[in-house]
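Right, one structure below, let's go through it.
Because only heavy atoms are used, hydrogens play no part in the values below, and waters and symmetry mates are left out as well, while side chains stay in.
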Amino acid sequence: SSKQRNTRQAIMSGSVMRCLLLATIAASASGYSAVSPRSAFRGSRVVAPARAAPVTQCTVFMATKTGVKAFVVGVAADSGCGKSTFMRRLTNIFGGSGALLDIGRETNTLVSDKTTVICLDDYHKYDRTGRATQKITALHKDCQDWALMAEHVAAIKNGDVIMKPIYNHITGALDAPEEIVPTDIVILEGLHPMLDDKVRAMLDLSIYLDISDDVKFAWKIQRDMQERGHSLESIKKSIEGRKPDFDAYVAPQRAMADIVIEVLPTQLVDDKEGKFLRVRFIQKAGLDLIKSPFLFDEGSTIEWTPCGKKLTCAYPGIKFKYGQEMYMGAEVTVLEMDGRFDKLDELIYVESALTNSGAKFYGELTQQILKNKDAVGSDNGTGFMQTLCSFKIREAFEKATGKTVEAVSA
């Protein structure tokens with residue numbers, strides 16, 4: 001009723017005023033600026049040096065209306081699973097160059113003209129020392145501030161500015177909050193975007209990056225042994241220590257996701273180093289916002305080896321598959337690529353056989369792969385499927401909002 005709405009508005013107004021007063025007092029006492037002054041340029045912030053933030057409601061939420069009600073996408077994955085590369089591909093498709101939010105200190109937030117990527121590590125309940133004291137990993141559900149996460153997602157979808165905490169990956173500390181202004185698209189990337197019922201219900205689209213244990217182990221050996229000098233035993237210990245909580249709280253989100261990008265060892269050749277990959281794009285059937293991509297004939301079961309005069313294939317070659325199956329109890333369509341491309345510009349031949357890709361024009365998928373040719377996975381199925389998934393996010397955004405995203409030229 002009108003009376004109830006007026007009562008709620010009065011309560012909210014009073015809460016905000018109390019919050020502002022508390023924040024002002026706390027800021028005076030601590031030397032911390034609770035609300036960052038905003039310049040005319042969104043990427044520029046004037047922020048006090050990092051220090052422990054005073055605990056008031058205002059340091060985490062400011063009800064400032066922006067008029068932009070965000071389309072929110074959840075992207076779940078373990079660390080080292082290619083989220084950063086995926087975010088760069090996505091940002092490119094929506095235009096503008098992604099960059100870390102300019103707050104003059106450590107941040108995990110990636111922004112561009114239309115997109116904001118929020119790292120869910122920022123909602124850790126404990127810092128690194130606290131996790132050690134509590135004997136809890138960052139993957140455990142009890143390590144996350146679910147109430148604050150849900151409050152912030154609701155605010156962003158309502159077009160409100162938030163003051164989001166920061167988890168400092170360098171120091172392991174919980175730093176002073178930063179101001180987040182909603183953009184057209186907000187990506188929640190991290191370990192648990194779908195685990196909490198309230199947060200999951202507010203997601204407009206959900207994606208899971210699923211790297212098999214064999215591939216993940218091969219990648220970690222390459223990165224941690226060859227690049228960081230870690231021993232094989234320490235790598236195994238790290239993986240085994242994370243696995244129970246990963247299996248309990250991260251992996252179950254595969255069943256909740258609208259799209260899963262599954263990365264597996266190749267079936268074309270014996271490869272222990274993860275140089276060749278089999279990648280599957282798994283999409284739930286019957287989604288309202290996006291169509292299922294398919295090869296040649298929708299609803300058929302296809303196996304295709306395109307190597308020949310139109311596609312250069314060195315050993316062990318490339319194989320595509322398409323069909324329907326059951327995945328985690330749901331009907332899905334699956335598009336699969338095994339192997340890697342020798343010449344990226346020849347990808348356009350594969351693109352000619354693909355329908356419902358979400359591309360704006362024939363050749364856009366190839367164009368985007370070439371644009372990001374130096375990114376990890378551009379010559380194999382990870383780059384192909386991540387680009388396809390980015391198109392699907394754009395397709396969903398346009399249908400849900402009625403807004404049009406112009407294709408970005410090379």
Are the side chains of Phe391 and Pro293 in touch, meaning some heavy atoms are under 4.5 Å apart? no
Qualifying residues under side chain to side chain donor-acceptor pair (under 3.5 Å), relative to Gln324, sequence neighbours excluded: Tyr322
Under the 3.5 angstrom rule, does the side chain of Asp338 hit a backbone N or O of Gln267 as a donor-acceptor pair? yes
Which residues satisfy the salt bridge (charged side-chain N to carboxylate O under 4.0 Å, His left out) test with Glu298, sequence neighbours excluded? none
Less than 4.5 Å apart, side chain to side chain, heavy atoms only: is that true for Gln283 and Phe281? yes
Val68 and Pro182: which non-hydrogen atoms are nearest, and at how many Å? O-CB, 3.5 Å
With rounding to the nearest 0.5 angstrom, report the CD1 to CG distance, Ile93 to Asn372. 8.0 Å
So how far is it from Ile259 CD1 to Ile290 CD1, rounded to the nearest 0.5 Å? 4.0 Å
Min side-chain heavy-atom separation Ile369-Phe341 under 4.5 Å: no
Check for me whether the distance between the ring centres of Trp304 and Phe294 falls short of 6.0 Å. no
Sequence neighbours excluded, which residues qualify as ring-ring contact (aromatic ring centres under 6.0 Å, His included) partners of Phe71? Phe397
Do side-chain atoms of Asn168 reach the backbone of Asp175 as a donor and acceptor pair under 3.5 angstrom? no
So, using salt bridge (charged side-chain N to carboxylate O under 4.0 Å, His left out) as the criterion, who are the partners of Arg242 when residues are at least two apart? Asp78
Looking only at side chains, do Asn108 and Asp121 share a donor and an acceptor under 3.5 Å apart? no
Pairing residues for Arg89 by the side chain to side chain donor-acceptor pair (under 3.5 Å) criterion, not counting sequence neighbours: Ser378, Gln386
Going by atom type alone, with no hydrogens or angles, which donor-acceptor pairs under 3.5 Å involve a side-chain atom of residues 184-195 and a protein atom two or more places apart or on another chain?
unit_1, atom_1, unit_2, atom_2, d
Asp184, OD1, Lys403, NZ, 2.9
His192, NE2, Leu139, O, 2.7

Is it true that a side-chain atom of Thr305 and a backbone atom of Cys307 form a donor plus acceptor pair closer than 3.5 Å? no
Donor-acceptor pairs under 3.5 Å, side chain of residues 201-212 to any protein atom, not counting sequence neighbours: which ones?
unit_1, atom_1, unit_2, atom_2, d
Asp204, OD1, Lys157, NZ, 3.3
Asp204, OD2, Val72, N, 2.8
Asp204, OD2, Lys157, NZ, 2.9
Ser206, OG, Asp258, N, 3.0
Ser206, OG, Asp258, OD2, 3.2
Ser212, OG, Val215, N, 3.4
Ser212, OG, Val263, O, 3.4

Decide yes or no for Thr312 and Glu346: does some side-chain heavy atom of the first lie under 4.5 Å from some side-chain heavy atom of the second? yes
Sorted by chain and number, sequence neighbours left out, side chain to side chain contact (heavy atoms under 4.5 Å, CB included) with Lys291 holds for Asn356, Lys392, Glu395
A side-chain contact here means heavy atoms from C-beta on lying under 4.5 Å apart; do Leu335 and Phe384 qualify? yes
Check whether Asp127 reaches the backbone of Gly130 with its side chain - one donor and one acceptor, N or O, closer than 3.5 Å. yes
Any carboxylate oxygen within less than 4.0 angstrom of a Lys/Arg side-chain nitrogen, looking at Asp213 and Lys243? yes
Nearest-0.5 Å distance that lies between atom OG1 in Thr266 and atom CE in Met337: 10.0 Å
Gap separating the CG atom of Leu268 from the NZ atom of Lys319, nearest 0.5 angstrom: 6.5 Å
Any side-chain heavy atom of Leu277 within less than 4.5 Å of one from Thr382? yes
Drop me the distance from Ile282's CD1 to Glu262's CD, to the nearest 0.5 angstrom. 4.0 Å
Is it the case that Thr115 and Thr183 place a side-chain donor and acceptor less than 3.5 Å from each other? no
Over all atoms of both residues, closest heavy-atom pair of Glu178 and Leu101: OE1-CD2, 3.6 Å
Evaluation steps, side-chain hydrogen bond (donor to acceptor under 3.5 Å, both in side chains), between Thr85 and Arg88: CA-CA 5 Å; Thr85 303; Arg88 286 194 293 272; 3.3 Å; yes
Test side-chain contact (heavy atoms from CB on, under 4.5 Å) on Met149 and Asp196 and set out the steps. CA-CA 9 Å; Met149 192 187 301; Asp196 180 73; 5.8 Å; no
I'd like to check the side chain to side chain contact (heavy atoms under 4.5 Å, CB included) partners of Lys373; sequence neighbours left out, ordered by chain and number. Leu344
Return the OG1 to CG distance between Thr387 and Asn92, rounded to the nearest 0.5 Å. 9.5 Å
Within the 4.5 Å heavy-atom criterion, are Lys164 and Thr109 side-chain neighbours or not? yes
All side chain to side chain donor-acceptor pair (under 3.5 Å) counterparts of Asp197, not counting sequence neighbours: Arg200
Looking at side-chain heavy atoms only, is the closest gap between Leu100 and Asp102 below 4.5 Å? no
Please check this pair: side chain of Lys284 against backbone of Ala255, looking for a donor-acceptor N/O pair closer than 3.5 Å. yes
Contacts of Lys360 meeting side chain to side chain contact (heavy atoms under 4.5 Å, CB included) (sequence neighbours excluded), chain-then-number -> Glu364, Arg394, Glu398, Thr404, Ala407
Before we go on, tell me: are the rings of His124 and Tyr126 under 6.0 Å apart, centre to centre? no
Donor-acceptor contact present, side-chain Arg105 to main-chain Ala176, <3.5 Å: yes
Taking everything shown except Lys216 itself, do over 12 heavy atoms lie less than 6.0 Å from its NZ? yes
Could you work out, with side chain to side chain contact (heavy atoms under 4.5 Å, CB included) as the rule, every residue matching Glu331, not counting sequence neighbours? Ala285, Met326
